[in-house]
Amino acid sequence: MTRVAILGAGPAGLAAAEAALAAGAQVTVLDEGARPGGQFWRHRPGLTDPRMQHGVRRFEQLQSALAGAEVHSGAAVWSVEPGEPGEPGEVGGAVVLRAAVGPADGARREAVVVEADALVIATGAHDLALPIPGWTLPGVTTAGAAQALAKRDGVSVGRRTLVAGAGPFLLPVAQSLALVGSTVVGVHEASRIGALAGGWLPKPWQLLGKAGELAQYAGALARHRIPYRVGSGVVRVLGDERVEGAVVAQLDADWRPRPGTERVIECDAVALGHGFVPRLEAAIMLGCEVAGDRRGRFVVVDDGQRTTRPQVFAAGEVTGIGGADAALAEGAIAGYRAAGVAQDDQRLHAALRVRDRMRRFARRLETAHGIRPGWTAWLDDDTIVCRCEAVAKRAIVERAEVPLRAMRLATRAGLGPCQARTCGRAVEAIVSEARASAAGVAAAGETVDGSSSSAQGGDVGFDRRPLLAPVRLGELGGSDRPTNGEN
Amino acid sequence: MSAARNARGSIRSTGATGLTAVPAAVEILVEGETVTGRAGQTIAGVLLGSGRVAWRGAQHGERGVFCGIGVCHDCLVTVNDVEGVRACQREAVDGDRVEREVRE
């Protein structure tokens, strides 16, 4: 029986598990969350408002399918390695995963070693919040934090929340905030009408399946009287010991603030979401090809969601930001393929159709809402970019000419506990812009990104990390014996 | 913002959701002070529900929740004498002793 390991239990991982089980595989799911669902399904019946959650019925189906799998929730997977090559005639490219399983960051977690014939990487993405002067003040969170706190904990950080950034994800965040009782003083979308029209309008039929959801959010904004502004963003957060307000400004097509358009909005919380960063650590550790540049670096997969490493598949946001529907379809494809089902098997047909439609949707998202290079204009020289080590923009610019690794060691940017997960993309953008400006290039546009070292083939910038998940020193090592499939 | 206002906000929102059952309470000790949350909440959720927005010292002022999903490590607390626990990831358990940390 093919042993399939699945890393992540969000929509992609759960769909992969369901498909692999349906194909007769022995499935082990490892997920860092306290319970399956990922960032998408986090509602807690009896604790939080069910209106915040989409696709509950599908989640229930996926959960009941999981009964046939070995599931490790609360699993900090800290290592993923190729295993011993298979015997001749057997499936090769086995994978070994090591995890500490138990309460998050607990001291005495159980060591779990999972050996598998195939792996599905479904590690998802986290929010990308660009640095803004004042963004380390308590009360500033990512949009994803606002969403998680509302859906999972039923709380909001503030009573008056300003939501800002880019992309349709801001809309459900605003709705969730309103449902937990925070007044949403505005949703500020950085992209301008032109970009939004370019992304959304030419082929409206591609929005089938999404249009209903968007219309529902628009209705929620209207019901809660939440103003929605385009071509607008937070350029400064105000406050002494916590958020007391925010300065918003109109942004041009490149997200550069338009001088003279600034105005102060009173609020006690700011939720920022300018995009998403895929969680590539496992794929990079296994040597899967990752392509793109700092504006969008993703695991390369073929039509069957296969990575460039044998028996390693990837699905969901690690292969491109496309949302839960894309992740569900990709997960199903990856799960069937990992279990040995052929690409032309009819069980894959429906998922393949959805995936291809959702990939077009993802391209339109990027066209409409992708981060534009002018955002660095809202930074001050002393704006903290690396939150962990309190490294200011100035320090990064001063060392922009040295190789990225040397710059990190000199400034400590990206070397704190989060390992550059929070600031990596921003630091790369600042370095790229500073190099371009030193080279006499007028603006940090397309050509700059193409010529910067962070965009060279095979360079993964700040995304390579020695450990996948934070674990305590005592948890490293331990048993080499696989713990899956023991019973 | 005062603690009372935030707490009231949370309670009001619960009432508006039409939840069928009132979730059980969970009690934790924050710097020796008893703080009540709802069973199932993370430590960050309990702290925010009690009106706290910051609980860790950093180089330039206090920090609380930033990413909310275990990525940024801004919200670290000491739980039952174990340092470096992400408050946004750890579910609160009755009797947990939570202490602030300082990292400069």
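None of these values were measured; they are calculated from a predicted model. Here is the naming used below: chain letters follow the sequence lines, and residue numbers restart at 1 for every chain.
Most heavy-atom pairs under 4.5 Å with chain A, from the set B:C67, B:A54, B:C72, B:G84: that is B:C67. Per-residue heavy-atom pair counts under 4.5 Å with chain A were compared for B:H60, B:R63, B:Q59, and the maximum is reached by B:R63. In terms of non-hydrogen atom pairs under 4.5 Å with chain B, the most contact-rich of A:D127, A:L137, A:T136 is A:T136. Interface summary for chain B: among A:A104, A:A390, A:G33, the most heavy-atom pairs under 4.5 angstrom belong to A:A104. By number of non-hydrogen pairs under 4.5 angstrom with chain A, the leading residue of B:G37, B:G40, B:A39 is B:G40. Contact count against chain B (heavy-atom pairs under 4.5 Å) is highest for A:H126 among A:E244, A:Q147, A:H126. Most heavy-atom pairs under 4.5 Å with chain B: of the set A:P417, A:A34, A:C423, this distinction falls to A:P417.
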Item to check | Candidate pair B:V71 and A:R279, rule side-chain contact (heavy atoms from CB on, under 4.5 Å), full reasoning | outcome: CA-CA 10 Å; B:V71 173; A:R279 296 181 142 174; 2.6 Å; yes
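The pair A:R152-B:E91 does not count as a salt bridge, with every side-chain nitrogen at least 4.0 angstrom from each carboxylate oxygen.
Under a cut-off of 6.0 angstrom, the local environment of CD in A:E266 is sparse, with at most 12 non-hydrogen atoms contributed by other residues, nucleotides or ligands.
With a 4.5 angstrom heavy-atom cutoff, A:E241 does not touch chain B via any of its atoms. For B:D74, the part lying under 4.5 angstrom from a heavy atom of chain A is the side chain only.
Taking every heavy atom of both residues into account, A:A129 and B:F66 meet most closely at CB-CZ, 3.9 Å. A pairwise comparison of heavy atoms in B:R90 and A:P103 identifies NE-CB, 3.6 Å as the closest pair. In plain terms, the two heavy atoms of A:A107 and B:V82 that are nearest each other are CB-CG2, 3.8 Å.
Near-neighbour residues of residues 381-389 of chain A relative to chain B, defined by a heavy atom under 4.5 Å from a heavy atom of that chain, comprise A:I384, A:R387, A:C388, A:E389.
Inter-residue side-chain proximity for B:V65 and A:L149 is flagged as met; some heavy-atom pair is nearer than 4.5 Å.
Distance check, rounded to the nearest 0.5 Å: CG of A:D153 to CD of B:Q41 gives 5.5 Å. The distance from the CD atom of A:E32 to the CD1 atom of B:I69 is 7.5 Å, given to the nearest 0.5 Å.
Legend: residues meeting salt bridge (Lys or Arg N to Asp or Glu O under 4.0 Å) with B:E62, ordered by chain and number and at least two apart, are B:R100.
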